[in-house]
Amino acid sequence: MTTTGRRALLTAGVSAAAAAALPGCTASRDPGPRKPGAAEVEAERVARAEAALRLRSVTASRTLLERYDAALAAHPALAPRLTPLRRSVAAHAKALGEGGTAVRPATAPPSPSATVSASALPTPTPAPVAADPRAALKELAAAERTASDAHTAALVTAPPEYARLLASVAAAGAAHAYLLTEGARA
């Protein structure tokens with residue numbers, strides 16, 4: 001193909017693209033807000049479901065973290081045993097929240113009222129800690145098992161990458177429960 005032929009082809013392509021875009025530039029009546037297509041509605045539904053799942057997972061981990069803080073405050077002598085587990089739980093809570101838990105509707109502009117965020121939820125008051133350190137450890141192990149079970153149950157609806165993270169956190173929670181109860185005897 002000669003240079004002239006290439007230029008003619010390029011000119012024809014640019015002209016066709018301009019002609020196709022030109023009708024969008026004409027003054028027409030405003031049809032109102034654009035209705036989202038089925039794919040956009042489905043994408044929004046999936047995003048909302050994932051955001052709700054992340055929010056539940058982060059909330060479960062943060063509640064567990066608060067239980068560790070309460071146990072450490074009530075029983076400072078348990079700090080050598082609980083501090084590494086607490087650090088692990090804090091890292092899990094951070095990792096679970098890293099995908100973001102905010103979702104905006106596809107048809108609305110971003111606004112503070114249209115988003116749901118994990119930090120916007122009220123923090124529940126932590127459960128009271130047993131006066132006996134052994135009982136406090138058992139309660140903490142039960143809380144670990146509860147959080148682990150919640151993460152395991154969430155695997156069914158989680159997207160693949162988040163499911164892998166949930167599975168890891170659930171397994172770590174089961175290991176923590178073991179270390180808080182049976183592991184002390186070994």
Side-chain angles (χ1 to χ4, degrees), residues 43-105 110-186:
E44 182 178 330
R45 185 195 65 75
V46 168
R48 285 185 182 279
E50 184 177 343
L53 172 68
R54 284 181 181 273
L55 190 58
R56 285 189 306 273
S57 299
V58 168
T59 301
S61 290
R62 286 183 181 165
T63 301
L64 181 60
L65 188 60
E66 290 170 359
R67 296 288 302 258
Y68 270 94
D69 289 341
L72 283 166
H75 303 288
L78 294 175
R81 187 169 179 188
L82 296 182
T83 301
L85 300 177
R86 187 215 175 272
R87 270 196 307 263
S88 178
V89 170
H92 295 158
K94 182 180 178 190
L96 288 170
E98 280 182 352
T101 55
V103 175
R104 281 193 321 268
S111 72
S113 63
T115 59
V116 177
S117 174
S119 61
L121 292 179
T123 55
T125 57
V129 179
D132 178 41
R134 286 190 182 123
L137 288 175
K138 285 183 181 180
E139 290 174 355
L140 203 50
E144 279 279 8
R145 280 190 289 277
T146 300
S148 179
D149 291 345
H151 295 317
T152 301
L155 291 173
V156 176
T157 59
E161 191 65 30
Y162 199 64
R164 285 187 284 275
L165 177 61
L166 283 171
S168 296
V169 171
H176 289 179
Y178 173 79
L179 291 172
L180 289 168
T181 55
E182 303 297 323
R185 297 180 194 151

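Model, not experiment: these values are computed from the prediction.
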- Query: Which pair of heavy atoms, one from Leu155 and one from Ala163, lies closest together, and at what distance?
  - Reply: CD2-O, 3.0 Å
- Is there a donor-acceptor pair under 3.5 Å between the side chain of Arg81 and the backbone N or O of Leu179? yes
- Message: For the backbone of Ala79 and the side chain of Thr83, can you confirm whether one donor and one acceptor N or O come within less than 3.5 Å of each other?
- Response: yes
- Message: How close do Arg67 and Ala143 get, counting heavy atoms only, and between which atoms?
- Response: NH1-CB, 4.1 Å
- Measure the NZ-CG distance between Lys94 and Leu65 for me, rounded to the nearest 0.5 Å. 13.0 Å
- Glu66/Arg62 ion pair, N-O < 4.0 Å: no
- Hey, are the side chains of Thr146 and Leu64 touching, using non-hydrogen atoms and a 4.5 Å cut-off? no
- Only one of Val89, Leu140, Thr181 forms a side-chain contact (heavy atoms from CB on, under 4.5 Å) with His176, so which one is it? Val89
- Query: Where is the tightest heavy-atom contact between Ala147 and Ala60, given as atom of each residue plus distance?
  - Reply: CB-O, 4.5 Å
Using distance only, find each side-chain donor-acceptor pair of residues 70-78 under 3.5 Å and give its atom names and separation, not counting sequence neighbours.
from: His75; atom 1: NE2; to: Ala130; atom 2: O; distance (Å): 2.7

- Item | 4.5 Å side-chain heavy-atom contact, Tyr68 and Arg87 | no
- Can you see which heavy atom on Leu166 is nearest to which on Ala154, and at what distance? CD1-CB, 3.8 Å
- Note on the structure: Nearest heavy-atom approach of Ala136 to Val129 is CB-CG1, 3.8 Å
- So do the side chains of Leu53 and Pro159 get within less than 4.5 Å of each other, counting heavy atoms only? yes
- Item | Sidechain-backbone polar pair: Ser168 side chain, Arg164 backbone, donor-acceptor under 3.5 Å | yes
- Task: Kindly compute the distance separating CD (Glu144) from CG (Leu137), expressed to the nearest 0.5 Å.
- Result: 11.5 Å
- Message: Test your reading of the model: is there a side-chain donor-acceptor pair from Tyr162 to the backbone of Leu96, 3.5 Å cut-off?
- Response: yes
- Query: Taking C-beta and beyond as the side chain, do Arg54 and Ser57 meet within less than 4.5 Å on heavy atoms?
  - Reply: no
